[in-house]
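What follows is a set of notes on a single structure, which appears directly below.
Computed from a prediction, not measured in an experiment: that's the story for all the values here.
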Amino acid sequence: AKATQEVDLSFRVAGVLNKMPVKIGQEVRIGDVLAVLDQRDFEVNLANAEAGLANVKATLKNSKVEYDRVLRIQKNDPGAVSLSLVDQRQANYEQALATYASAEAKLNSSQDQLSYATLKAPFDGVIVQRYIENFQDVRANNPVFRLVDISKIEMDINIPEKLISKLPYVQNIRATFDAFADVVIPAEVKEISNEASQSTRT
């Protein structure tokens, strides 16, 4: 018997654990905050990315104005500007576009990094294990909590080959545990493996 869902939760970024508001055995709901890393470095990186994007945006706007201006002059008076100048303004504008796209990607990455510093419950469940203590250094992808959903229980059952063909016709499935023999649990087939066990041939 096992929980329907069980997962070891970890941060996608490294940092120092700053908050851990949940305890072992505590029930949590989807979206609840389980732990938070110190966010100061992530906030600084985000602020730098925002400033960098604003600076690049101003450069892009200026490049666009310059490019449009030489195009307009060339259209009204073809001899007033050289083709090399038009090409140069176009190259500057295209380079500014690429720089803006890069700065925008950096900003999005910084926003993601900041969001990754908060660990939230992906589903309703119970915290059954805590692998680290508060204020410890945490590495990316190292387990912090183990969360299980015990609202439903899955049971792995071995069935002999001679009975497996009858499984689709079985109704009113019930399960019991030896420790609680008087407790009868209604059940249903969730999935059937298509391969027999190498050891038991079930």
Nearest-0.5 Å distance, CG of residue Asn92 to CG of residue Leu60: 11.5 Å
Pairwise side-chain contact, Leu119 with Phe145, heavy-atom cut-off 4.5 Å (strictly under): yes
Single-linkage hydrophobic cluster, 4.5 Å side-chain cutoff, Leu163 and Leu167 together: yes
Nearest heavy atoms of Ala3 and Val148, plus distance in Å: CB-CB, 3.9 Å
Main-chain N/O of Ser197 paired with Thr200 side-chain donor or acceptor, under 3.5 Å: no
Shortest non-hydrogen contact from Asn134 toward Lys19: OD1-N, 3.6 Å
hydrophobic_cluster_shared for Val22 and Phe123, side chain cutoff 4.5 Å: yes
Any donor-acceptor N or O pair under 3.5 Å, side chains Ser63, Glu94: no
Nearest-0.5 Å distance that lies between atom CG in Asn158 and atom CD1 in Ile164: 10.0 Å
Within-4.5 Å side-chain heavy-atom neighbours: Arg72 and Lys75: no
Tyr131 and Asp8: side chain donor to acceptor below 3.5 Å: yes
Any side-chain heavy-atom pair of Val144 and Leu9 under 4.5 Å: no
Nearest heavy-atom neighbours spanning Phe42 and Gln113: CD2-O, 3.8 Å
Any side-chain heavy-atom pair of Leu17 and Leu37 under 4.5 Å: yes
Ile150 atom CD1, over 12 foreign heavy atoms within 6.0 Å: no
Cluster check Tyr100, Tyr93: I/L/V/M/F/W/Y, side chain < 4.5 angstrom: yes
Cationic tip of Arg89 above Tyr67 ring, under 6.0 Å, 45° of axis: no
Heavy-atom side-chain contact between Val189 and Ile173 under 4.5 Å: yes
Exceeds 12 heavy-atom contacts within 6.0 angstrom, atom CD of Glu27: no
Check against salt bridge (charged side-chain N to carboxylate O under 4.0 Å, His left out), Glu43 and Arg40: CA-CA 5 Å; Glu43 290 169 346; Arg40 286 175 293 184; over 6 Å; no
Neighbour count above 12 (heavy atom, 6.0 Å) for Gln95 CD: no
Pairwise side-chain contact, Val86 with Val81, heavy-atom cut-off 4.5 Å (strictly under): yes
Arg29 CZ to Asp32 CG distance, which is reported to the nearest 0.5 Å: 8.0 Å
Asp124 CG: over 12 foreign heavy atoms closer than 6.0 Å: yes
CG-CD1 distance between Leu147 and Ile30, expressed to the nearest 0.5 angstrom: 10.0 Å
Check: Ala98 main-chain N/O paired with Ser102 side-chain donor or acceptor under 3.5 Å: no
Flag if over 12 foreign heavy atoms under 6.0 Å of CD1, Ile192: yes
Note, Met155 side chain near Lys2 side chain (heavy atom, < 4.5 Å): no
Contact summary for Ile132 and Val138, nearest pair of heavy atoms: CD1-CG2, 3.3 Å
Min side-chain heavy-atom separation Val28-Ile127 under 4.5 Å: yes
Gap between atom OG1 of Thr4 and atom CD1 of Ile153 - 0.5 Å precision: 7.5 Å
Euclidean distance, Arg146 CZ relative to Ser10 OG, rounded to 0.5 Å: 12.0 Å
Any donor-acceptor N/O pair, Asn55 side chain to Ala51 backbone, under 3.5 Å: no
Shortest non-hydrogen contact between Gln111 and Leu46, atoms and distance: CG-CD1, 3.5 Å
